[in-house]
Amino acid sequence: RGSINNAKYNNIKLSMNPSKNPMPHITVRISISEASYYLNNFTKINGGLGYEERIVLKWFGRYGVKEKLSEQFINWGA
């Protein structure tokens, strides 16, 4: 209850590609599923994560996650 099975999510990959899309965004890949989201409001750009999407959106909504990801995006593009 309230915990994530770490073994299940060892295959998660987060990436940012400012040269492909200059708007702050993140791409989440879990196994064979992939989705991209804007960082300002976590609107989905494309793709889908199936059942795991609700877990990712819940994580996005946690305090400080948006700010940390936005900072990383700025540093990544620098």
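The chain is numbered in sequence order, starting from 1.
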Rounded to the nearest 0.5 Å, how far does CD1 of I55 lie from CG of L49?
10.0 Å
Sequence neighbours left out, what passes ring pair (Phe, Tyr, Trp, His ring centres under 6.0 Å) with F60? Give chain and number order.
Y37, F42
So which heavy atom on G47 is nearest to which on A35, and how close?
C-CB, 3.9 Å
According to a 4.5 Å side-chain heavy-atom criterion applied to Ile, Leu, Val, Met, Phe, Trp and Tyr, with indirect links allowed, do L57 and I12 form part of one hydrophobic cluster?
yes
OG1-NE2 distance between T43 and H25, expressed to the nearest 0.5 angstrom:
14.0 Å
Under the side chain to side chain contact (heavy atoms under 4.5 Å, CB included) rule, what do M16 and T27 come out as? Steps first, then yes or no, please.
CA-CA 6 Å; M16 299 174 178; T27 300; over 6 Å; no
dist E67:CD -> Q72:CD (nearest 0.5 Å) comes out at 13.0 Å
Interatomic distance, CG@L39 vs CD1@I26, rounded to 0.5 Å, equals 6.5 Å
Linked, directly or transitively: Y38 and W59 (ILVMFWY side chains, under 4.5 Å)
no
May I ask whether I32 and I30 are part of the same hydrophobic cluster, defined by side-chain heavy atoms of I, L, V, M, F, W, Y residues being less than 4.5 angstrom apart, directly or through others?
no
Quick one: does K13's side chain have a donor or acceptor within less than 3.5 Å of a partner on V28's backbone?
no
Once you round to the nearest 0.5 Å, how far does CG of N40 lie from CG of L69?
12.5 Å
side-chain hydrogen bond (donor to acceptor under 3.5 Å, both in side chains) with K44: which residues, sequence neighbours excluded?
E53
For M23 and F73, which heavy atoms make the closest approach, and how far apart are they?
O-CZ, 3.4 Å
